[in-house]
2 protein chains.
Amino acid sequence: MADRLGGGVAARMAHYLQVLTQAKKAGRSAITSHEISEYTHVNATQIRRDLSGFGTFGKRGVGYNVDALIGEISGILRTAGQHNIVLVGGGRLGQAIAEADVFADHGFSIVGVVDSDPAMLGQPCGNLAIRGTEDLPMLIEENQVIVGVVAVPAEAAQDVADELVRAGVRIVFNYSGALIDVPPHVTAHTTSPAVELLYALYFHLA
Amino acid sequence: MADRLGGGVAARMAHYLQVLTQAKKAGRSAITSHEISEYTHVNATQIRRDLSGFGTFGKRGVGYNVDALIGEISGILRTAGQHNIVLVGGGRLGQAIAEADVFADHGFSIVGVVDSDPAMLGQPCGNLAIRGTEDLPMLIEENQVIVGVVAVPAEAAQDVADELVRAGVRIVFNYSGALIDVPPHVTAHTTSPAVELLYALYFHLA
DNA sequence: TAGATTGTTAATCGATTAACAATC
DNA sequence: TAGATTGTTAATCGATTAACAATC
């Protein structure tokens, strides 16, 4: 039992967890390292190696029990349980995020949606009503939120990030595509689907 | 000039390109390896090393010219120019994707949006009108489309992927979160924001 | 000149892969 | 038993990092 995983292992573990969660939803009860490899593009030997470092979770000739492995990896990543997040931006992107299962599937619960546009106040987003940005500090403190999700246009992203940081979040998850700066004690992550598409395209063209 | 980049280098190059493109939009004309490192979480020495393998693009004491470096990396990745893509799913997620600059910024042009719901036919999505899925093969052939983007609910994702494969795409870019199977000559990529959030959370909690 | 940053080396560490025994 | 798949080893390759000369 390692004290702290290396960056590479942790990233791959999170990826395995996502695949297992989806496999479970699809009704699968067992899965092999080769199947996980197909979905993650991680070498199957590497997967078995990563897992066997923490215990013997598989059955030779059979594969891994999906439920059991979800439990093991959640434990290793210490991400089991509920994690509260706030969403900034109630437009189409925000609505799509609020309605997607992808966060809920991993125990991320959206406890508030805010928007700076007064016209959106009270409008529904997922199963919440949109609130003003002035509620952000309260939402974050009362619900012990450490993650803020930015779903606003690129021009507004830095301002929103600043507000989130002031209000106390430690992780800014940025869907806007814009580059944002945060202080050292905060981690910013910008999703960039185009990066992965460029990468896939390179190998197709080459 | 290497014939074919390794997977790691190609992924990082695509990431640098995304940062440079955003930096250019923000009005920056020069950037240092340390700044690129902040935004990509890739070690600054690694960045300089990756780039210097293809030429001397930087100016000591100054940094890299943003425009020039965009050109160099586009050339290395051979992704310069226009790439046509089709979008399946005209709901909120599809609309958010159609309106986002993130694909257009890298030369990806959406040439058609289709949806299986007859009620959505003719409705606007981005600056296109939604069409029926029966138009998919024609759209793909006429526009030499190699990438199909899946923005439908998880339950419908596999069917949509099958249709896209039959219609001739080579890369399926899947926003649904569901696991999808494609034949060996096709590459499937499933975006999974939750994976990156789990990863960020692990390092925050640990 | 002084300060900053690149380009490059060398040394270390982790990822990757093939191969195969263990075992379900 | 036969087939499949895990767990593990060993060997190779690429990533990472510190250090520093080159040079803007």
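First the proteins, then the strands, lettered A, B, ... as listed; each starts at 1. Computed from heavy atoms alone, side chains included, the values below leave out hydrogens, waters and symmetry copies.
Closest approach to the A:Arg12 side chain among C:dT6, C:dA15, C:dT17 is made by C:dA15 (side chain taken as heavy atoms from C-beta onward). Taking the side chain of A:His34 as heavy atoms from C-beta on, and the options C:dT8, D:dT6, C:dA15, the nearest nucleotide is D:dT6. The side chain of B:Lys59 sits closest to D:dC24 out of C:dT17, C:dA19, D:dC24. Minimum atom distance to the side chain of A:Arg48 is reached by C:dA19, of the listed C:dT8, C:dT6, C:dA19.
Using a 4.5 Å heavy-atom cutoff, the side chains of B:Thr21 and B:Val66 are not in contact. Between B:Leu197 and A:Ile171 there is a side-chain heavy-atom pair separated by less than 4.5 Å.
Put simply, CG on A:Leu51 is 13 Å from C1' on D:dT5, counting in whole angstrom units. Whole-Å rounding puts the B:Arg49 CZ to C:dT9 C1' distance at 8 Å. If you measure from atom CG of A:Asp50 to atom P of C:dG14, you get 13 Å, rounded to the nearest angstrom. Put simply, CD1 on B:Ile36 is 13 Å from P on C:dT5, counting in whole angstrom units. Rounding to whole angstrom units, CD1 of residue A:Ile31 and P of D:dT5 are separated by 12 Å. One can place CZ of B:Phe54 at 15 Å from C1' of C:dG7, the figure rounded to the nearest angstrom. Protein atom CD1 of A:Ile47 is 14 Å distant from nucleotide atom P of D:dT5, rounded to whole Å. As rounded to whole Å, 18 Å separates atom P of D:dA4 from atom OH of A:Tyr64.
Using a 4.0 Å heavy-atom distance criterion, B:Thr32 is classed as a sugar-phosphate-only contact.
Using bins of under 30°, 30° to 60° and over 60° for the plane-to-plane angle, the ring pair B:Phe173/B:His189 lands in the parallel bin.
Between A:Gln46 and C:dA15, a side-chain N or O to OP1/OP2 separation shorter than 4.0 Å is absent. Distances shown here put every side-chain N or O of A:Thr45 at or beyond 4.0 Å from the OP1 or OP2 atom of C:dT17. Applying the 4.0 Å criterion to OP1 and OP2 of C:dA22, one finds that A:Arg60 has every side-chain N and O outside that range. Under 4.0 angstrom from either OP1 or OP2 of D:dT16 there lies no side-chain N or O belonging to B:Asn43.
A salt bridge links B:Lys25 and B:Asp101; the closest N-O separation between the charged side-chain nitrogens and carboxylate oxygens is under 4.0 Å.
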Can you list, pair by pair, the side-chain donor-acceptor contacts under 3.5 Å of residues 137-154 of chain A, counting residues two or more places apart and other chains?
residue, atom, partner, partner atom, Å
A:Asn143, ND2, A:Leu139, O, 2.8

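Taking a pair as Watson-Crick or G-U wobble with both distances under 3.5 Å, DNA chain C forms stems of 3 or more consecutive pairs at C:3-24 with D:3-24.
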